[in-house]
Amino acid sequence: MNTAMNPKAILICIAMAAPSAWADLKYGDYAAAGKDHPVVVGYMTGLVSGVHLANEAVLVATGKDLFCLPQGIVITLDSAHSLVEGEAQKFEPASRKDLLIPPLLMKGVKSVYACAPANGTFIPRN
């Protein structure tokens, strides 16, 4: 059995992933388009999924969560928009337009849903 990777398959995978590498949305464009714009809705839906995946990846790698959602709480599009807006408001208005949306969302999630330490250690997830 040949276990070598097919170079064509690798190039196709890279080509499919490449557009997302440069497609980070800036706050100025996000605000101008509005949260109900189809591109923003799609972008934010994917970003919320990515935030959850990042949390899982860090948990697997380190045994600790990046953030801890209370049981029964999910990050909705509306809550994601609120988290982004809340983080953006911490910056001077003139500098907000160049802020990237992914770090704003991650900072907001980590701030609002911080894992509460118990006796100096993090509470494990249920």
Side-chain angles (χ1 to χ4, degrees):
M1 176 167 71
N2 185 357
T3 59
M5 287 294 291
N6 180 341
K8 276 187 179 178
I10 293 171
L11 288 174
I12 290 170
C13 289
I14 291 170
M16 289 173 40
S20 65
W22 55 264
D24 279 336
L25 183 62
K26 290 185 179 180
Y27 183 79
D29 297 327
Y30 164 89
K35 69 179 187 176
D36 295 326
H37 189 282
V39 171
V40 173
V41 170
Y43 184 87
M44 292 298 288
T45 300
L47 191 56
V48 168
S49 294
V51 165
H52 285 289
L53 289 171
N55 198 35
E56 291 297 321
V58 169
L59 178 64
V60 168
T62 68
K64 296 180 181 175
D65 288 295
L66 286 171
F67 58 89
C68 298
L69 290 174
Q71 190 170 358
I73 299 293
V74 295
I75 301 173
T76 64
L77 281 179
D78 284 337
S79 63
H81 290 300
S82 294
L83 292 165
V84 165
E85 290 294 332
E87 287 301 311
Q89 296 306 313
K90 295 177 182 178
F91 292 86
E92 292 296 323
S95 67
R96 289 181 196 154
K97 67 181 174 81
D98 292 325
L99 297 171
L100 295 176
I101 297 299
L104 291 175
L105 179 59
M106 184 59 86
K107 287 177 186 175
V109 169
K110 287 176 67 175
S111 174
V112 172
Y113 300 112
C115 298
N119 300 328
T121 60
F122 285 95
I123 299 169
R125 152 191 338 203
N126 294 334

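Given the structure is predicted, the values throughout are model-derived calculations rather than measurements. What you see below is based on every heavy atom in this structure, not just the backbone, and it leaves out hydrogens, waters and symmetry mates.
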Pairwise distance NZ(Lys64) to CG(Asn55) - rounded to 0.5 angstrom
13.5 Å
Minimum heavy-atom distance Ser95-Leu99, with the two atoms named
O-CG, 3.8 Å
What heavy-atom pair brings Gln89 and Tyr27 nearest, and what distance separates the two atoms?
NE2-OH, 4.0 Å
Residues forming a side chain to side chain contact (heavy atoms under 4.5 Å, CB included) with Lys107, sequence neighbours excluded
Glu87
With a 4.5 Å heavy-atom cut-off, do Val48 and Thr76 have their side chains touching?
no
With sequence neighbours left out, write down each residue that passes side-chain hydrogen bond (donor to acceptor under 3.5 Å, both in side chains) with Ser111, or none if nothing qualifies.
none
Interatomic distance, Asp29 atom CG to Asp24 atom CG [nearest 0.5 angstrom]
11.5 Å
Just wondering, do Pro102 and Tyr43 contact through their side chains at under 4.5 Å, heavy atoms?
yes
Could I get the full list of side-chain hydrogen bond (donor to acceptor under 3.5 Å, both in side chains) partners for Tyr113, not counting sequence neighbours?
none
Looking at side-chain heavy atoms only, is the closest gap between Leu77 and Thr45 below 4.5 Å?
yes
With sequence neighbours left out, write down each residue that passes salt bridge (charged side-chain N to carboxylate O under 4.0 Å, His left out) with Asp78, or none if nothing qualifies.
Lys35
Count I, L, V, M, F, W, Y as connected when their side-chain heavy atoms are under 4.5 Å apart, and connections chain through other members. Are Val84 and Ile73 then in the same cluster?
yes
Excluding sequence neighbours, so at least two apart, what forms side-chain hydrogen bond (donor to acceptor under 3.5 Å, both in side chains) with Glu92?
none
Listing request: all salt bridge (Lys or Arg N to Asp or Glu O under 4.0 Å) pairs with a residue in residues 45-55, at least two apart in sequence or in separate chains.
none
Please test Ile101 against Leu104 for side chain to side chain contact (heavy atoms under 4.5 Å, CB included), starting from the C-alpha separation and ending with a verdict.
CA-CA 5 Å; Ile101 297 299; Leu104 291 175; 4.3 Å; yes
Restricting to side chain to side chain contact (heavy atoms under 4.5 Å, CB included), what partner residues turn up for Ala54, sequence neighbours left out?
Leu66, Met106
Nearest 0.5 angstrom please: Leu105 CG to Leu25 CG, how far?
11.5 Å
Which residues satisfy the side-chain hydrogen bond (donor to acceptor under 3.5 Å, both in side chains) test with Ser49, sequence neighbours excluded?
none
Just jot down the side chain to side chain contact (heavy atoms under 4.5 Å, CB included) partners of His37, sequence neighbours excluded, or say none.
Ala33, Val39, Val40
Here the gap from Cys115 atom SG to Lys110 atom NZ, rounded to the nearest 0.5 Å, amounts to 9.5 Å
Do Val58 and Leu69 belong together in a cluster built from hydrophobic side chains that touch within less than 4.5 Å?
yes
Sequence neighbours excluded, the answer for side chain to side chain contact (heavy atoms under 4.5 Å, CB included) partners of Ser82 is none
Enumerate the ring pair (Phe, Tyr, Trp, His ring centres under 6.0 Å) contacts for residues 85-106, please, sequence neighbours excluded, ordered by first and then second residue.
none
